[in-house]
Each structure stands twice: as structure tokens, then as C-alpha cells.
Amino acid sequence: MLLAGLASAGAAEPDDAASTERVVLLHGLGRQAGSMSRMAAGLERAGFEVCNIDYASLDLPIAKIASERVLPAIERCFSPSPVRIHFVTHSLGGILVRQLVANGDLPNVGRVVMLGPPNQGSELADVLGRLHLAQDLRPPAAGQLTTAADSVPNQLGPATFELGVLTGDRSVNPVLSLLIPGADDGKVAVAAAELEGMKDFRVIHTSHTFIMRRRVVIAQTVCFLRSGAFAEQEQTLALCDPWEAR
């Protein structure tokens with residue numbers, strides 16, 4: 001169930017923060033850990049110890065996925081628990097971290113980078129909710145990701161941890177984007193990715209499906225995990241790029 005990796009041979013030397021702290025990766029709804037493999041490789045090259053968790057996401061509601069699948073996997077991966085655990089998440093993965101924090105299950109959460117998170121819900125979930133056939137077929141978690149005030153994302157409250165959000169503004173499905181107001185990544189509106197209490201926010205010209213594979217996204221993720229902020233300048237971003245020649 002776990003795909004854990006240590007720094008690869010020939011990778012860049014870890015800095016002090018990376019050498020003492022760990023990173024958990026959480027993929028999105030209906031995806032697998034393999035979708036985060038390039039992100040995992042980049043973080044390993046940057047000197048981080050990575051736990052890329054593969055969890056089933058299609059048969060349970062969000063709270064049960066978080067407590068029955070993700071939390072035990074984290075505990076198995078990092079035992080004894082380190083001083084802090086950072087997270088890099090895609091889509092639903094960010095909501096799972098928020099759920100675990102709200103439950104009090106992550107007292108040692110460090111910095112979190114969310115990629116394309118539906119922090120205020122998704123209009124696509126709203127549409128599925130209005131289709132009776134889809135209600136019978138859709139995953140339970142998908143039905144909880146609406147923009148309604150009582151949806152799970154809108155009930156979990158503001159970020160109480162160091163949070164950076166990266167989201168896209170490029171859609172590969174213009175039909176779906178017609179259902180989403182304003183700029184979007186094909187699944188989540190740019191505005192809906194924001195969360196009260198976040199420390200930093202950036203929009204990348206990429207789609208929801210492939211945001212975690214973009215080199216600039218991986219470099220910005222490294223920057224945030226190291227410093228608590230995304231890079232403002234190209235020179236600073238290059239210093240965070242695991243594949244940049246030194």
C-alpha cells in the first residue's frame with residue numbers, strides 16, 4: 001500500500017530541514033500513487049524522505065478514507081513519528097489532510113502544499129448531485145465535494161498550519177469548464193482553491209490532471225517546504241529545482 005522512497009543515489013545533498021523532516025504525498029480522487037511519482041522523485045532528489053501513499057478513494061466518504069486508510073498508512077510509514085510531517089497533496093488529498101487536522105489526528109503536521117484543491121468545493125460535484133443516475137454511480141467522496149455551505153470542504157474551517165496552494169488555470173476539457181465560473185483548471189475554479197489562513201498562493205498555467213508533474217510546480221513545492229513561501233524570482237526558483245544543474 002505504501003510507496004516509500006529515500007533520497008536517491010546521486011541526488012542533491014539535503015539541506016538541514018529536509019534531513020530532519022519527512023513528506024507524505026496524497027493523490028486525488030480515483031487516482032493512484034503512481035500519479036505522484038514524478039513529484040516523489042523530485043522531492044527525493046531535493047533530499048527529502050518521501051512516503052507516497054496509495055489509498056482507495058472510490059468507495060468510502062471522506063472522513064472514513066482519512067481515518068481508516070490514510071492515517072494508518074502514515075503511521076506505518078513513519079514509525080516512530082518524526083517531529084514534523086509535511087504533506088504534498090493533489091485535489092481530494094488536500095481535503096483529507098484538512099479532515100485529519102480537524103479530527104486532531106495530525107498534531108505534528110508541518111508545511112502543506114496543496115495542488116488544485118477543491119477547498120471551497122467544485123461546481124462539477126454540484127452538477128453530478130443534480131443528476132439522479134450519477135447519484136447512484138458516483139463515489140461517496142465526490143458527493144461531499146460540492147460548493148454547498150454544508151459540504152465537507154466548507155465545514156472544515158480555515159488552515160491552522162503552514163499552507164501553500166498551487167492551482168491551474170488551463171483546461172483540457174472546455175465542455176466541463178463551461179460549468180465552472182471564472183478561470184479554472186478543468187475541475188476546480190481558481191477561486192475555489194483558496195483557503196482562509198493559507199500562507200501563499202500561486203496560479204500555474206497547467207491543468208488539474210497533470211499539475212503534479214510540472215517541473216515548475218515541483219520546484220515551487222520544494223521552495224515552500226524549505227522556507228514556507230513560494231519563489232518570487234526565477235533565480236530563487238532555480239535554486240529549488242531538483243533537476244537544475246548546480
Side-chain angles (χ1 to χ4, degrees), residues 1-4 23-40 50-79 85 87-106 109 112 114-157 167 172-173 176 179-180 185-189 192-193 195 207-213:
M1 185 169 183
L2 294 179
L3 298 175
V23 184
V24 168
L25 305 186
L26 294 176
H27 61 78
L29 182 68
R31 305 292 289 272
Q32 296 178 323
S35 67
M36 302 290 281
S37 61
R38 181 168 168 80
M39 175 65 73
V50 176
C51 178
N52 188 8
I53 293 178
D54 196 35
Y55 65 93
S57 60
L58 298 178
D59 60 340
L60 291 177
I62 290 171
K64 286 187 174 292
I65 295 172
S67 64
E68 296 180 11
R69 291 180 176 163
V70 172
L71 183 61
I74 295 171
E75 292 171 343
R76 288 195 297 272
C77 192
F78 295 133
S79 182
I85 301 176
F87 288 83
V88 178
T89 69
H90 178 230
S91 197
L92 173 65
I95 308 305
L96 294 173
V97 170
R98 291 178 62 196
Q99 180 73 66
L100 289 170
V101 170
N103 293 348
D105 292 328
L106 293 177
V109 63
V112 179
M114 295 182 182
L115 310 176
N119 277 323
Q120 298 176 48
S122 169
E123 283 78 10
L124 296 184
D126 295 345
V127 173
L128 287 177
R130 293 193 291 268
L131 300 175
H132 295 293
L133 178 61
Q135 289 180 357
D136 296 330
L137 299 176
R138 68 184 177 181
Q144 297 180 298
L145 295 174
T146 70
T147 62
D150 61 352
S151 72
V152 170
N154 288 318
Q155 288 294 307
L156 290 175
T167 196
V172 295
N173 192 324
L176 290 182
L179 304 173
I180 304 173
D185 64 3
K187 298 288 180 64
V188 177
L195 181 64
S207 68
H208 187 87
T209 302
F210 299 112
I211 186 172
M212 77 294 282
R213 298 188 60 82

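Index from 1, following the sequence.
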Is there a donor-acceptor contact under 3.5 Å from the side chain of [X] to the main chain of [Y]?
X: Asn119; Y: Ala193; answer: yes
X: His27; Y: Tyr55; answer: yes
X: Ser57; Y: Leu29; answer: no
X: Gln99; Y: Ile62; answer: no
X: Asp126; Y: Thr147; answer: yes
X: Ser122; Y: Lys187; answer: yes
X: Gln155; Y: Ala149; answer: yes

Study note, to complete from the structure: The side chain to side chain donor-acceptor pair (under 3.5 Å) partners of Asn154 (sequence neighbours excluded) come to Ser151
Check your understanding: If you count the non-hydrogen atoms of other residues, nucleotides and ligands that lie under 6.0 Å from CZ in Arg213, is the total more than 12?
Key -> no
Review point. Quick check: are there more than 12 heavy atoms from other residues, nucleotides or ligands sitting under 6.0 Å from CD of Gln120?
Key: yes
Practice item. With sequence neighbours left out, write down each residue that passes side-chain contact (heavy atoms from CB on, under 4.5 Å) with Ala148, or none if nothing qualifies. Key: Thr146, Asp150
Exercise for review: Could you pull out all residues at least two apart from Pro140 that satisfy side-chain contact (heavy atoms from CB on, under 4.5 Å)?
Suggested key: Pro61
Practice item. Would you please test Leu25 and Met212 for side-chain contact (heavy atoms from CB on, under 4.5 Å) and show each step? Key: CA-CA 11 Å; Leu25 305 186; Met212 77 294 282; over 6 Å; no
Which pair of non-hydrogen atoms, one from [X] and one from [Y], has the smallest distance, and what is that distance?
X: Val88; Y: Met36; answer: O-CE, 3.8 Å
X: Ser207; Y: Val172; answer: CB-CG1, 4.1 Å
X: Val112; Y: Val109; answer: CG2-CG2, 3.9 Å

Exercise for review: Could you check Thr209 against Arg31 for side-chain contact (heavy atoms from CB on, under 4.5 Å), going step by step and ending with a plain yes or no?
Suggested key: CA-CA 10 Å; Thr209 302; Arg31 305 292 289 272; 3.9 Å; yes
Check your understanding: Which of parallel (below 30°), tilted (30 to 60°) and perpendicular (above 60°) describes His208 and His90?
Key -> tilted
Point to revise | Test log, rule side-chain contact (heavy atoms from CB on, under 4.5 Å), inputs Ile74 and Ile85 | key: CA-CA 9 Å; Ile74 295 171; Ile85 301 176; 4.0 Å; yes
